[in-house]
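Read the numbers this way: they start at 1 and go in the same order the structure lists the ligands and their atoms.
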Amino acid sequence: MRHCKLKQSNKRPQRTRMMRFAVTVFLCGLLLVRCSPSSEINAGNSEPAVRQFFSMDTLMRIEVYGKEAEAAADAAQALIEKYDSLWSALDENSDISKLNQSAGGPPIHVSDETFSLVEEALYQAAYTDGAFDPTVGYLLELWGFRHEISRVPNKDEINIALGGVDWTSVRMNDEDNTIQLTFSETKLDLGGIAKGYATDRLTELLAQYDIDRALINLGGNIGVIGQKVDGSPFKVAITDPSNPDRFIGVVFAKDITVITSGGYERFLEFDGVRYTHIMDPNSGYPVETNLASVSIVATAGGKGDALSTALMVMGLDHSIEFWERHPDFGVVLCTATGEIHCSSNLKGVFVPESDVEVTYFGAT
Ligand code: ADP
Ligand code: MG
């Protein structure tokens with residue numbers, strides 16, 4: 001049995017990973033600051049409150065403007081930390097761990113927050129025809145995305161894990177807030193939706209503090225509340241997957257989320273083959289996609305996060321076909337060969353760098 005190193009483990013804030021996120025945050029921060037200096041944003045307003053911290057297995061940055069900014073930012077950080085304790089796959093006392101330990105057994109009572117997240121995840125699973133499937137947890141464990149050291153599982157192991165991959169088998173009862181995983185091989189993993197979902201809940205929370213301008217960056221899942229003081233939109237950079245120190249263009253963002261999935265951020269390598277952390281729920285293997293990254297522009301972060309993962313599973317052609325059936329979001333698809341395909345509804349919203357060529361799809 002040969003082992004390989006997980007490049008970016010889910011386990012701890014490894015140095016490589018922290019650096020990658022730092023670059024992402026820096027790039028976004030740089031652009032946002034360049035386009036909207038604090039003094040400009042703040043004209044006639046209070047000082048911004050900024051919170052930067054590690055939670056939900058990634059680096060978070062929240063920047064809030066308004067009279068109640070400090071209290072709002074504290075509440076926002078507290079909410080994220082609460083989510084972390086409820087949903088962490090690594091904490092055996094979290095709601096998600098308890099559910100996974102009970103797989104194949106009776107229903108388990110969970111918090112309102114967990115119930116609502118799982119409900120949203122199942123909704124998105126149905127919406128994406130199962131390309132997004134939150135029951136891939138066992139597969140992720142098998143492939144070693146929970147550990148430092150990994151190996152390529154054999155076909156028999158994959159088949160056993162696949163027996164638990166079925167989002168339709170998750171039973172939810174909203175009368176008593178219980179969830180039941182009917183198959184003993186099922187393990188939930190909400191890593192593909194939790195940060196986007198949290199962005200939506202933070203947006204609601206900040207509204208309670210009369211915050212009408214904020215930038216939420218949950219490990220590269222960007223939520224923009226409001227606009228600059230002069231009424232113009234903020235800009236959010238989209239990273240070039242073939243060179244993550246560069247960006248391919250910017251999204252002009254106002255009350256919107258911009259969420260990217262890519263094989264370049266978390267992966268493991270074995271015998272020179274790179275395996276991404278996104279699983280194909282049909283084959284049980286990490287996706288072998290012709291897409292290097294998918295960026296979704298959507299009004300809701302939960303939807304954007306799930307879609308970014310789902311379209312990575314679908315690949316280029318199926319993603320375009322999916323968008324044509326559901327054109328209520330914007331998408332920038334970067335292929336492994338360096339092409340960029342963008343939905344036509346993002347014309348004027350996504351502005352590519354001058355040396356970047358983009359092909360648009362869909363009627364204008
Ligand atoms: P990131 O979490 O790095 O921002 P994504 O939003 O694409 O990236 O989510 C990838 C995560 O989603 C994986 O780390 C895993 O937790 C989970 N996941 C992997 N494959 C799937 C899938 N097919 N459906 C739902 N969730 C998935
Ligand atoms: Mg996602």
If we only count heavy atoms from C-beta on, is the [X] to [Y] side-chain gap below 4.5 Å?
X    : Y    : result
N221 : T257 : no
T128 : L307 : yes
S97  : Q101 : yes
L188 : L181 : yes

**Nearest option to atom 19 (C) of ligand 1, as decided by whichever heavy atom of H277, Q124, M56, M312 sits closest** = H277

**Pick from D305, V287, D133: the one approaching atom 6 (O) of ligand 1 most closely through a non-hydrogen atom** = D305

**Item:** N, O or S of T309 under 2.8 Å from the Mg ion (ligand 2)
**Value:** yes

**Prompt:** Heavy atom under 4.0 Å from ligand 1: found in P281's side chain, backbone, both, or neither?
**Reply:** side chain

**Proximity of I278 to ligand 1 by residue part, where a heavy atom lies under 4.0 Å** = both

What do you reckon, does [X] have a nitrogen or oxygen under 3.5 Å from a nitrogen or oxygen of ligand 1?
X    : value
T260 : no
M279 : yes
L140 : no

**Request:** Report the residues that fulfil ring-ring contact (aromatic ring centres under 6.0 Å, His included) with F322, sequence neighbours left out, ordered by chain and then residue number.
**Result:** Y127, H326

**Asked** Would you say G219 contacts ligand 1, with heavy atoms under 4.0 Å as the rule?
**Response** no

**Item:** Any G196 heavy atom less than 4.0 Å to ligand 1
**Value:** no

**Asked** Is it true that W167 and F132 have ring centroids separated by less than 6.0 Å?
**Response** no

**Subset of ligand 1 atoms that lie under 4.0 Å from at least one heavy atom of A131** = 22 (C), 23 (N), 24 (N)

**Request:** Quick one: closest heavy-atom pair of V313 and M279, and the distance?
**Result:** CG2-O, 3.7 Å

**Request:** Could you grab the angle centred on the Mg ion (ligand 2), going from OD1 in D305 to O in G192, to 10°?
**Result:** 80°

**Item:** Reported CG-to-OG distance for the pair L291 and S319, which is rounded to 0.5 angstrom
**Value:** 5.5 Å

